[in-house]
Amino acid sequence: MSGAILEALDLHYTYPDGTRALRGVTLRVPEGSRVAVLGPNGAGKTTLFLHLNGLLRPRKGTVRFAGREIRYDRKSLGELRRAVGMVFQDPDSQLFCASVFEEVSFGPANLGLAPEEVRRRVREALRATDAEDLAERPTHYLSYGQKKRVCLAGVLAMEPRVLICDEPTAGLDPRQTSGLIELLDRIARRGGTVLIATQDVDLAYSWADRVVVLKEGRVLGEGTPTEIFLDEDLLRGADLTVPWVVEVHRELVRRGLVPPDAPVPRNREELFGLLPAAEAAVRLEV
Amino acid sequence: MLHIDRYAYRNRLYGVHPADKVCLAGTALFVSLAGAPPLTPLLVLVVMAGATVGWAGIPWRYYLRLVAVGLGFLVLGLPAVALQAGPAGDGLLWGVRVGTFFLGLDRAGVERALHLLVKCLGAVSGLYFLALTTPVTELLRVLRRVGFPGLLLELMDLVYRYLFVLLETAGSIYVAQAARDGYASWGRAFRSLGLLVSVLFVRAHHRALALFTALSARGYNGSLEVVGPEYLSSWKNRLAVGCLTVGLLVSWVLTGGGAHVRGHP
Ligand SMILES: Nc1ncnc2c1ncn2[C@@H]1O[C@H](COP(=O)(O)OP(=O)(O)OP(=O)(O)O)[C@@H](O)[C@H]1O
Ligand SMILES: [Mg+2]
């Protein structure tokens, strides 16, 4: 396993109003991995993410980027934020510009690139997020899902090493959701590291390499998707449901349609791949 | 207001370089203010109304309504310009006696008022052309290019963007309140509205904080620098705008240029 690009060690954070949002969170994000952070509303996912690119400073504990503890002076924070891009949960809090094109250009323009290079990156990011046709529209007439795509484009255009997305699929239609997952996959395949917060257990199960379960500011479990989603006590404790692939597989095993020793399928295709053999088995019995 | 904004993004002149449109509107403004009334400003009005309705494709009903709004404001101000007060009642077209003074209209006053009216209408037609065909964001871009102070431009952009966020927030709070009968009676409506306003302020504050966080995440360092797209200047459009501009200037010279200004200061 390659080294951790981002690490959080025993983070504690209390909001000014006294809400204890993080109570000792430890997290390790290996370079090039896809990590899904799951947890009920108010678990502290957003708060954790805000720590990972230095937007919040922990009361206690440290954040490490590429093996070094992050510092909170202007210059170090600038460098960190170049490398760790963050897409926010609420697009309206991120979109400040009335023009989509200019909005997306904000990040790369801050990197001090030449205007030509900025424009190239903007166009590329808009293409990647399937938002090319929005470039000429004002941000205030976009739908929620369209705004989300523009937000993502605004961060992609900075070409960060680590991409953090807070609930990227919430509010997207099915086509946009699968398009987004494909895009995140493409980024990960090119060696990028992707970290998402999500409520979607199916997505976390079939997409992620590692899953982290948060509840009430603590890590309840961390591991591969199979480790996490086969642990029923953990799921119950975190108010999470079982991914449908796992549920269907379990039922098939219970009815003897699928051999119990085969590995649990990760996605729809793997599950369907198990089925013809099962059909043959049924026919044999009859 | 919101309609104007929508038309600005959806008119046939959307792709024309904003600097061209600013240039045309600026010429219209200049010619109608500096040209000899009433002919020159009226000409400007006709040309700009034609460009806005015929060329940019703004519905004429909507355009007439906008002009009527402008006219309304102007008419309200005209009596102050046209009315004369003096010790003698002769020479007035119409007048009333107020104590030892006469208050009334004389020929010069009426003429002055009418000239002012057409000048303003001509100038307004130029501004309407700009407002209806050019999005605010593009105007800001032109201003940036001619060296307008960056801080002011950023403020204008933020105000413009967050005006819509605030409107949307207010709208959704209103709907949420109305759905729970918050506006069923006068008393309740009063209370609901008060709540709405106070909640709006709190939300606006939170939005500002969230915005700052989000901007910081993308490397905000005190200045909101952005890069706009390049315009594909079309020669046809540029030529058309150029012809109109030159036409306006020529008509200004032909109708006496600035001569009348020197005539009666
Ligand atoms: N600005 C703030 N001030 C005070 N408390 C806050 C603030 N932001 C979040 N909290 C509180 O901190 C806790 C963690 O919130 P956080 O937003 O991190 O949760 P989350 O896991 O992202 O939830 P969700 O799934 O709803 O997005 C919650 O109890 C929340 O009420
Ligand atoms: Mg959240």
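A, B, ... follow the sequence lines: proteins, then strands. Residue 1 opens every chain. Note: hydrogens, waters and symmetry copies are ignored here, and every other heavy atom, side chains too, is used.
With chain B as partner, the option from A:G107, A:G78, A:C97 having the largest number of non-hydrogen pairs under 4.5 angstrom is A:C97. Your options are B:A8, B:P135, B:G219, and the one with the most heavy-atom pairs under 4.5 Å with chain A is B:G219. Considering only heavy-atom pairs separated by less than 4.5 Å from chain B, the leading option among A:T139, A:L95, A:L111, A:V155 is A:L95.
Within the 4.5 angstrom heavy-atom criterion, atoms from both the backbone and the side chain of A:F96 approach chain B. Within the 4.5 angstrom heavy-atom criterion, only side-chain atoms of A:N53, from C-beta onward, approach chain B. The part of B:Y162 that comes within reach of chain A is its side chain, from C-beta onward, which places non-hydrogen atoms under 4.5 angstrom from that chain. Residue A:E79 does not touch chain B at all, counting heavy-atom pairs closer than 4.5 Å. When heavy atoms are compared at a cutoff of 4.5 Å, B:V165 approaches chain A solely by way of its side chain, counted from C-beta outward. With a 4.5 Å cut-off on non-hydrogen atoms, A:L80 does not touch chain B at all.
For B:Y9, the OH atom is densely surrounded, since the number of other residues' heavy atoms within 6.0 Å is greater than 12. In A:R186, the CZ atom is crowded: over 12 heavy atoms of neighbouring residues, nucleotides or ligands sit closer than 6.0 Å. The local environment of CD in B:E154 is crowded, with over 12 non-hydrogen atoms from other residues, nucleotides or ligands closer than 6.0 Å. By the neighbour-count criterion of 12 heavy atoms within 6.0 Å, atom CZ of A:R71 is sparsely surrounded, having that number or fewer from other residues, nucleotides or ligands.
Using a 4.5 Å heavy-atom threshold, the side chains of A:L50 and B:T213 count as touching. Under the 4.5 Å side-chain criterion, counting only non-hydrogen atoms from C-beta, B:L163 is not in contact with A:H140. For the pair B:T137/A:F101, no side-chain contact is recorded, criterion being any heavy-atom separation below 4.5 Å from C-beta on. The shortest distance between side-chain heavy atoms of B:R141 and A:S99 falls below 4.5 Å. When side chains are defined from C-beta on, B:L211 does not count as touching A:S93, because their heavy atoms never get closer than 4.5 Å.
One distance of note links CD of A:Q94 with CG of B:L215; it measures 8.5 Å at 0.5 Å rounding. In this structure, CZ in B:R10 is found 12.0 Å from CD in A:E136, a value given to the nearest 0.5 Å.
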(request) Quick one: do A:R119 and B:V227 satisfy side chain to side chain contact (heavy atoms under 4.5 Å, CB included)? Show the steps, please. (result) CA-CA 7 Å; A:R119 290 199 185 100; B:V227 176; 3.8 Å; yes
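Of all non-hydrogen atoms in B:R218 and A:M158, the two that sit nearest each other are O-CE, 3.7 Å.
Relative to the six-membered ring of A:Y141, B:R6 meets both conditions, a distance below 6.0 Å and an angle of at most 45° to the axis.
Ionic pairing of B:R161 and A:E103 is not present here: no N-O contact between side-chain nitrogen and carboxylate oxygen is shorter than 4.0 angstrom.
Contact annotation for residues 180-210 of chain B against chain A (heavy-atom separation below 4.5 Å, listed by residue number): B:R207, B:A210.
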